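One structure below.
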Amino acid sequence: MKDLIKSYQKQVDDKLKNKSFTKQDIEDFKVMINYFQHERLIHLLVTITVIFVTCFFFYLLTIKSSIILFILVIILLIMLGFYLYHYYFLENNIQELEEKYLQIKKALK
């Protein structure tokens, strides 16, 4: 997903520099933004789920100390870190694409 977003941003930047956007490009751009926004929503839901599962197992660890629960909580915290990083990446890059969309609309007027 990261490579797809980065390559698409590069394509958009190139077209924006050359001012070679057409109305079809705008429609394609809207479709891609919607696709990336859907991906962001899915990752948000997964991240929230991992947060709840991590909190639940951390709560169980406070009630009953067990090495297995401790290892599970550590694994979940590591997964949560990666999910948060990926969601942060998606959020920032999709916002950049939305700003570029506004620039493209201004350039076409």
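What you see is a predicted model, and the numbers here were worked out from it, not measured in a lab. Residue numbers run from 1 in the order of the sequence given.
Here CG of L61 is found 12.0 Å from CD1 of I68. Values are rounded to the nearest 0.5 Å. Considering CD of Q11 and CD of Q9, their distance stands at 11.0 Å, rounded to 0.5 Å. Interatomic distance, NZ of K100 versus CG of N93, reported as 8.0 Å (0.5 Å rounding). To the nearest 0.5 Å, atom CG of residue L76 and atom CD1 of residue I51 are 11.5 Å apart. Between atom NZ of residue K2 and atom CG of residue L4 there is a gap of 13.5 Å, rounded to the nearest 0.5 Å. Interatomic distance, CG of L77 versus CG of L84, reported as 10.5 Å (0.5 Å rounding).
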Next on the checklist: Checking I104 against V12 for the side chain to side chain contact (heavy atoms under 4.5 Å, CB included) test, could you report, in this order, the C-alpha distance in whole Å, the side-chain angles of both residues, the deciding distance, and whether it holds?
Outcome noted: CA-CA 9 Å; I104 293 165; V12 169; 4.0 Å; yes

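Considering every non-hydrogen atom in both F58 and V73, the closest pair reads N-CG2, 3.7 Å. Here the closest heavy-atom approach between residue K64 and residue L69 is recorded as O-CD1, 3.6 Å. Nearest heavy-atom pair across T49 and L45 is OG1-O, 2.8 Å. Closest heavy-atom contact between L97 and I33: O-CD1, 3.9 Å.
Crowding of K17 atom NZ: a count of heavy atoms from other residues, nucleotides or ligands under 6.0 Å not exceeding 12. Annotation for Y83: atom OH does not count as buried by contact number, only 12 or fewer foreign heavy atoms lying within 6.0 Å.
A salt bridge links D14 with K10: the distance from a Lys NZ or Arg NE/NH1/NH2 to an Asp or Glu carboxylate oxygen falls below 4.0 Å.
Looking at L90 and F36, their side chains never come closer than 4.5 Å, going by heavy atoms from C-beta outward. Put simply, the side chain of M32 does not reach to within 4.5 Å of the side chain of Y101, judged on heavy atoms.
Grouping the Ile, Leu, Val, Met, Phe, Trp and Tyr side chains by contacts below 4.5 angstrom, directly or via other members, places L60 with L72. Hydrophobic clustering (side-chain heavy atoms under 4.5 Å, transitive across Ile, Leu, Val, Met, Phe, Trp, Tyr) keeps I63 apart from I67. M1 is connected to F89 through a chain of hydrophobic side-chain contacts under 4.5 Å among Ile, Leu, Val, Met, Phe, Trp and Tyr, so both are in one cluster. Cluster annotation: V31 and I5 are assigned to distinct hydrophobic clusters (Ile/Leu/Val/Met/Phe/Trp/Tyr, side-chain heavy-atom contacts under 4.5 Å, transitive). V46 and I48 fall into different hydrophobic clusters, defined by Ile, Leu, Val, Met, Phe, Trp and Tyr side-chain heavy atoms under 4.5 Å apart, directly or through other members.
Checked against ring pair (Phe, Tyr, Trp, His ring centres under 6.0 Å), Y8 has the following partners two or more places apart in sequence or in another chain: F29. In terms of the side chain to side chain contact (heavy atoms under 4.5 Å, CB included) criterion, residue partners of Y87 (sequence neighbours excluded) are, by chain and number, R40, H43, L44, T47, E91. In terms of the side chain to side chain donor-acceptor pair (under 3.5 Å) criterion, residue partners of D28 (sequence neighbours excluded) are, by chain and number, Q24.
When Q37, E99, E39 are each tested for a side chain to side chain contact (heavy atoms under 4.5 Å, CB included) with I94, only one passes: Q37.
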